[in-house]
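Only a predicted model underlies this, so the values are computations on that prediction, with no experimental measurement involved. Nothing fancy with the numbering, it's 1 onward along the sequence.
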Amino acid sequence: QVQLVESGGGLVQAGASLRLSCAASGGTFSDYKVAWFRQAPGKEREFVSFVSSNGGRTYYEDSVKGRFTISRDNAKNTVYLQMNTLKPEDTAVYFCAARAGSTYVILTPQGYNYWGQGTQVTVSS
């Protein structure tokens, strides 16, 4: 079992940067794959990025590729999402999610059983 807490969201203008953090506790963090999802009002939860348990494999949704970077520091029990060149369409609540295991890549919210409470990112135009 692992507990997740997101932080780092805020209100910024288009073109700005933010770094989100997902801090984990209560489990062996290096055993968990982690993904970021986001959800805007009235829309479905959307995949953003994925990192494998050892950090060796990453995936990005096409609209954020080249702008966002996911990374993890297992010694600090933390996953990061560096978001650059933010756009108004990036506005959403951002969630981190985790699942134990390293064999499979999971890009859907249904595949994760541990979730943080989310952090709001608002990008003004």
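Neither F50 nor V64 shares a network with the other; the hydrophobic side chains, linked directly or stepwise wherever heavy atoms of I, L, V, M, F, W or Y lie under 4.5 Å apart, form separate groups for each. V34 and V2 sit in two unconnected hydrophobic clusters of ILVMFWY residues. Membership requires side-chain heavy atoms under 4.5 Å apart, directly or through other members. There is no path of hydrophobic side-chain contacts, each under 4.5 Å, that joins W36 to L4.
Remark: K87 engages no residue in a salt bridge (Lys or Arg N to Asp or Glu O under 4.0 Å) (not counting sequence neighbours). Take E89 and apply the side-chain hydrogen bond (donor to acceptor under 3.5 Å, both in side chains) test, not counting sequence neighbours, and it matches no residue.
If you take CD1 on I70 and CG on L20, they are separated by 10.0 Å, rounding to the nearest 0.5 Å. Between the OG atom of S52 and the CD1 atom of I106 there is a distance of 12.0 Å, given to the nearest 0.5 Å. Atoms CG and CZ, on N77 and R72 in that order, are 9.0 Å from each other to the nearest 0.5 Å. If you take OH on Y80 and OG1 on T69, they are separated by 14.0 Å, rounding to the nearest 0.5 Å. Atom-to-atom distance recorded for N113:CG and Q1:CD is 9.5 Å, nearest 0.5 angstrom. The CG atom of N74 sits 12.5 Å away from the OH atom of Y32 when rounded to the nearest 0.5 Å.
Residues S7 and T119 are not in side-chain contact: their nearest non-hydrogen atoms beyond the backbone lie 4.5 Å or more apart. With a 4.5 Å cut-off on side-chain heavy atoms, R45 and W115 count as touching. T122 has its side chain out of reach of V12: every pair of non-hydrogen atoms, C-beta onward, lies at least 4.5 Å apart. Inter-residue side-chain proximity for Y59 and F47 is flagged as met; some heavy-atom pair is nearer than 4.5 Å. Counting only heavy atoms from C-beta outward, the side chains of V51 and K33 never approach each other to under 4.5 Å.
Of all the heavy atoms in F29 and D73, the pair that sits closest is CE2-O, 4.4 Å. The heavy-atom pair separating L81 from S49 by the smallest distance is CD1-CB, 4.2 Å.
Ring centers of Y112 and F37: under 6.0 Å apart, within the cut-off.
Between the side chains of S17 and N84, at least one donor N or O sits under 3.5 Å from an acceptor N or O.
No donor-acceptor pair closer than 3.5 Å links the side chain of E61 to the backbone N or O of K65. A donor-acceptor pair under 3.5 Å is absent between the side-chain atoms of R57 and the main chain of S53, judged by distance alone. Side-chain atoms of T91 come within 3.5 Å of backbone N or O of V123 as a donor-acceptor pair.
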Below 3.5 Å, can you tabulate the donor-acceptor pairs from side chains in residues 93-100 to any protein atom, sequence neighbours excluded?
unit_1 : atom_1 : unit_2 : atom_2 : d
Y94    : OH     : R38    : NH1    : 2.9
Y94    : OH     : D90    : O      : 2.7
R99    : NH1    : G111   : O      : 2.9

